[in-house]
Amino acid sequence: MATRLTAAQARRIAVAAQGFAEPRPQGPVSRAHLRRLISRIQVLQLDSVSVSVRAHYAPVFSRLGPYDRDALDRAAWSHTTRSPRLLVEYWAHEAALMAVEDWPLLRWRMREYTHGRWGTHIVKNNLRLAEKILAAVEELGPSTAGQIEAHLGAEQRGRKGPWWDRSDTKWVTEALFASGRLTTATRVGFARHYDLTERVLPAEVVAREVADDDAVRQLALRAAGALGVATEADIRDYFRLSPRQSKPAVAELVAEGELEAVEVKGWQAPAYLRTGQKVPRRDRGTALLCPFDPLIFFRPRVERLFDGFRFRIEIYTPAAKRQYGYYVWPFLLDGMLVGRVDLKADRASDALHVVGAFAEPGEQPSRVAGPLAGELRTMAAWLGLSEVTVGTRGELAAPLAAVLR
């Protein structure tokens, strides 16, 4: 008979698995802290929006507290003998940073993306251009797509839009990244600087081959560990596997004793518990969560775990039609999502500005305001901002402003 978990137990397991139940480090966040965190949550999703702070920096702050962002930059974008590169960028969830040693686990995806993830017809029609780009990068060293294009003397197409307005050179360069022949040596101003993969990653990582089935099984196991307790669909989404990959992988992990099939009250689908996972006795974890945090990036799971908490990114929704705001951070208080705040780092006024603040149904704004104010003050200081200011939107705005005063 399958183990049965209550909804509260499942929530506690999930929050703890993501590292929120442990106290934050008292001193500076070290390379060892970062390594341990990545081994736990696996991915730091990248996103270009910087209205408050870029997405990959936020999950580290949410779990470890204020830290030197340069430490994460060094872990992701630099390599020395004393301090080898810890992270590498690839399409792990979406574009994300992941552990360098796990890069070979996605070779099957690189083969699927031999001609890129998008615009494959452009790449197939420009196979000779791919070899020219590789030769250019070998000569230039780490380079942006624009620098490669300038070196090749390629002509750009007419402008048609900010995303799809790419020259053939840019399409093919991105395809070479997707296929694993190029990788990101560094980012400057968030622009990718591409280099040959063998010049960026350790030789033993580049040489390592993992059978596709084994790689998928390892990814599924890593996802299950990061989630704590999860449905097959939850596990599948973490590394964006397909059902034909994830279903047999989960079944094999159960047969091998790595996962335990469980029932969670209120969940319609079977769930799986990482073998050896403890069930916390009480709810813990207080943090602001960016929209791309691994705890909340799969929306159906968020609704199951947190009593129907519906979370949607409204960046592309017209301002007048947004329910909560442009870039909204859910607030986790003692292991529960109790509110959300629309945040903007206003450098001109030297303030972290709360455009709107909202309490979840049934939550007392007065109970939420104090802990939320503390997290916002900590975040403002981490971002080098002097104060926290609050707008008028949302029933939590006035109590929050009162606490901050």
Side-chain angles (χ1 to χ4, degrees), residues 17-19 31-46 55-57 59-60 63 71-79 83-113 117 177-187 192 194-228 230 234-242 245-246 248-250 252-253 256 258-259 274 292-295 297-298:
Q18 283 281 313
R31 181 181 174 85
H33 287 122
L34 291 175
R35 180 182 290 279
R36 184 165 181 263
L37 179 60
I38 290 299
S39 71
R40 169 171 247 154
I41 67 173
Q42 302 297 323
V43 294
L44 295 172
Q45 188 170 338
L46 294 157
H56 61 291
Y57 294 118
V60 182
R63 290 157 179 79
L72 183 59
D73 288 341
R74 288 191 297 271
W77 317 127
S78 68
H79 175 88
S83 183
R85 182 184 296 263
L86 182 65
L87 305 172
V88 64
E89 180 183 343
Y90 190 63
W91 296 108
H93 175 70
E94 286 297 316
L97 294 170
M98 62 186 292
V100 164
E101 55 267 28
D102 285 347
W103 184 85
L105 300 182
L106 288 163
R107 285 189 187 277
W108 56 268
R109 179 165 289 162
M110 295 171 198
R111 287 193 293 273
E112 287 183 356
Y113 292 165
R117 191 177 182 189
F177 169 81
S179 68
R181 299 181 73 182
L182 295 178
T183 191
T184 309
T186 189
R187 279 184 180 262
R192 244 189 222 137
Y194 301 90
D195 201 355
L196 302 178
T197 299
E198 58 268 25
R199 294 202 303 211
V200 174
L201 301 185
E204 62 272 19
V205 170
V206 176
R208 183 180 165 216
E209 294 286 347
V210 184
D212 290 1
D213 288 348
D214 290 341
V216 168
R217 193 162 52 250
Q218 289 187 49
L219 291 171
L221 186 61
R222 282 161 169 72
L227 295 166
D234 298 337
I235 293 170
R236 182 197 319 160
D237 177 78
Y238 212 82
F239 287 103
R240 297 292 167 89
L241 304 174
S242 67
Q245 292 173 310
S246 59
V250 168
E252 288 169 15
L253 289 169
E256 293 167 1
E258 297 283 1
L259 298 181
R274 185 73 166 88
F292 301 101
D293 192 282
L295 179 64
F297 59 35
F298 189 44

Glu252 and Asp213, any side-chain heavy atoms less than 4.5 Å apart: no
Where Arg63 and Pro294 come nearest, the two heavy atoms and their spacing: NH2-CD, 4.0 Å
Spacing of CG belonging to Leu87 relative to CH2 belonging to Trp77, to within rounding of 0.5 Å: 8.0 Å
Tyr90 side chain to Ala178 backbone, donor-acceptor under 3.5 Å: yes
N/O donor-acceptor pair under 3.5 Å between Ser246 side chain and Leu241 backbone: no
Interatomic spacing from CG in Leu196 to CG in Leu201 - rounded to 0.5 Å: 11.0 Å
Considering all heavy atoms, the nearest Glu101-Arg208 contact: O-NH1, 2.9 Å
Minimal non-hydrogen separation, Arg192 against Ala95, with atom names: NH2-CB, 4.4 Å
Beyond-backbone contact of Tyr57 with Asp73, side-chain heavy atoms, under 4.5 angstrom: yes
Cation-pi check, Arg117 onto Trp91 ring (under 6.0 Å, within 45° of axis): yes
Reported CG-to-OH distance for the pair Leu219 and Tyr238, which is rounded to 0.5 angstrom: 12.0 Å
Under 3.5 Å: donor-acceptor pair, side chain of His79, backbone of Arg85: yes
Residue pair Leu106, Trp108: steps toward the side-chain contact (heavy atoms from CB on, under 4.5 Å) verdict: CA-CA 5 Å; Leu106 288 163; Trp108 56 268; 3.9 Å; yes
Sole residue of Val216, Leu253, Val250, Ile235 in side chain to side chain contact (heavy atoms under 4.5 Å, CB included) with Leu221: Leu253
Distance-minimising heavy-atom pair for Ala17 and Ala226: CB-O, 3.6 Å
Salt-bridge criterion met for Arg217 and Glu258 (N-O under 4.0 Å): no
Verdict with reasoning, Ser83 to Arg31, per side-chain contact (heavy atoms from CB on, under 4.5 Å): CA-CA 9 Å; Ser83 183; Arg31 181 181 174 85; 3.3 Å; yes
Minimum side-chain heavy-atom gap Gln218-Phe239 below 4.5 Å: no
Thr183 side, atom OG1; Asp195 side, atom CG - distance, nearest 0.5 Å: 9.0 Å
Considering all heavy atoms, the nearest Met98-Trp103 contact: CE-N, 4.0 Å
Geometric class of the Phe177/Tyr194 ring pair [parallel <30°, tilted 30-60°, perpendicular >60°]: perpendicular
Closest approach of Pro59 to Ala55 (non-hydrogen atoms, all atoms of both residues): CD-O, 2.9 Å
Heavy atoms from other residues, nucleotides or ligands near CZ of Arg36 exceed 12 (cutoff 6.0 Å): no
Heavy atoms from other residues, nucleotides or ligands near CZ of Arg181 exceed 12 (cutoff 6.0 Å): no
Rounded distance [0.5 Å steps], CZ in Phe298 versus CG in Asp237: 4.5 Å
Heavy-atom donor-acceptor pair, Arg107 side chain to Ala215 backbone, under 3.5 Å: no
side-chain contact (heavy atoms from CB on, under 4.5 Å) assessment of Gln245 paired with Arg236: CA-CA 8 Å; Gln245 292 173 310; Arg236 182 197 319 160; over 6 Å; no
side-chain contact (heavy atoms from CB on, under 4.5 Å) between Leu37 and Val60, worked out: CA-CA 8 Å; Leu37 179 60; Val60 182; 3.9 Å; yes
Rounded distance [0.5 Å steps], CG in Leu72 versus CG in Leu86: 9.0 Å
